[in-house]
Amino acid sequence: MDCRKVEHSIAQFIRDELDKDEIEKFVNHIYECESCKEELTIQYLIVEGMSRLEEGETFALQEELNAKLEHGRRKAIVRKWMKRTFCVLEIVAVLAAVIMTSIVILR
Ligand SMILES: [Zn+2]
């Protein structure tokens with residue numbers, strides 16, 4: 001089985017629509033071909049995700065999404081904090097410059 005045939009068979013494989021011969025050829029190819037394996041993984045996750053949504057079994061996916069959101073949220077908080085810190089540092093730098101200049105002028 002070549003890559004093109006395997007790619008065409010992925011959807012059928014996921015739906016258990018391949019016959020025994022095809023399954024064997026398909027699986028053999030998948031074990032030997034990284035790019036087809038990757039393609040299968042992607043399509044499987046998409047199809048599984050969709051069917052799990054339809055069945056209402058969304059716990060794992062929901063958790064994954066929550067983790068993703070939480071990760072994004074933390075990154076946003078850190079970014080905000082960094083921005084604020086830089087803002088404060090900038091003000092401090094400007095104040096320091098003003099004070100230094102005043103000291104020099106007042107001398
Ligand atoms: Zn392949």
Side-chain angles (χ1 to χ4, degrees):
M1 213 179 247
D2 63 6
C3 290
R4 261 185 58 190
K5 181 83 174 71
V6 167
E7 268 179 50
H8 282 291
S9 304
I10 286 175
Q12 288 171 285
F13 174 75
I14 292 170
R15 291 195 303 258
D16 296 320
E17 286 173 8
L18 292 177
D19 63 41
K20 280 177 188 170
D21 273 7
E22 285 174 319
I23 287 175
E24 199 184 330
K25 286 176 200 162
F26 181 87
V27 171
N28 282 341
H29 183 95
I30 292 294
Y31 277 120
E32 284 164 11
C33 182
E34 272 306 310
S35 70
C36 285
K37 196 176 174 183
E38 208 178 281
E39 185 61 31
L40 171 66
T41 306
I42 291 165
Q43 289 201 32
Y44 186 74
L45 286 177
I46 292 168
V47 172
E48 263 308 288
M50 293 302 281
S51 74
R52 272 202 267 172
L53 277 175
E54 280 167 10
E55 289 163 19
E57 292 174 28
T58 55
F59 317 107
L61 289 175
Q62 192 58 56
E63 250 175 50
E64 282 161 34
L65 181 60
N66 285 345
K68 206 177 160 69
L69 288 173
E70 182 63 18
H71 185 73
R73 198 175 66 94
R74 276 192 201 151
K75 264 167 89 176
I77 288 171
V78 169
R79 214 176 303 134
K80 213 168 160 186
W81 182 83
M82 295 266 283
K83 217 171 157 184
R84 205 178 297 155
T85 305
F86 280 125
C87 218
V88 170
L89 284 177
E90 231 171 290
I91 292 166
V92 169
V94 169
L95 280 176
V98 168
I99 291 165
M100 295 287 271
T101 311
S102 326
I103 288 168
V104 170
I105 291 170
L106 289 171
R107 252 187 199 169

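Quick caveat, the model's predicted, so the values are computed rather than measured. Atoms within a ligand are numbered from 1 in the order they appear, just like the ligands themselves.
- Of all heavy-atom pairs between C3 and H29, the closest is SG-NE2, 3.5 Å.
- Residues satisfying the side chain to side chain contact (heavy atoms under 4.5 Å, CB included) criterion with T85, sequence neighbours excluded, are W81, L89.
- For the ring-ring contact (aromatic ring centres under 6.0 Å, His included) condition, the pairs that include at least one residue of residues 4-28, sequence neighbours left out, are F13-F26.
- Shown here is Q12, whose CD atom has more than 12 heavy atoms of other residues, nucleotides or ligands within 6.0 Å.
- Near the Zn ion (ligand 1), less than 2.8 Å away, sit the protein N, O or S atoms C3 SG, H29 NE2, C33 SG, C36 SG.
- In the displayed structure, E7 atom CD is contacted under 6.0 Å by more than 12 heavy atoms of other residues, nucleotides or ligands.
- Taking the salt bridge (charged side-chain N to carboxylate O under 4.0 Å, His left out) definition, one finds that E17 meets it with R15, sequence neighbours left out.
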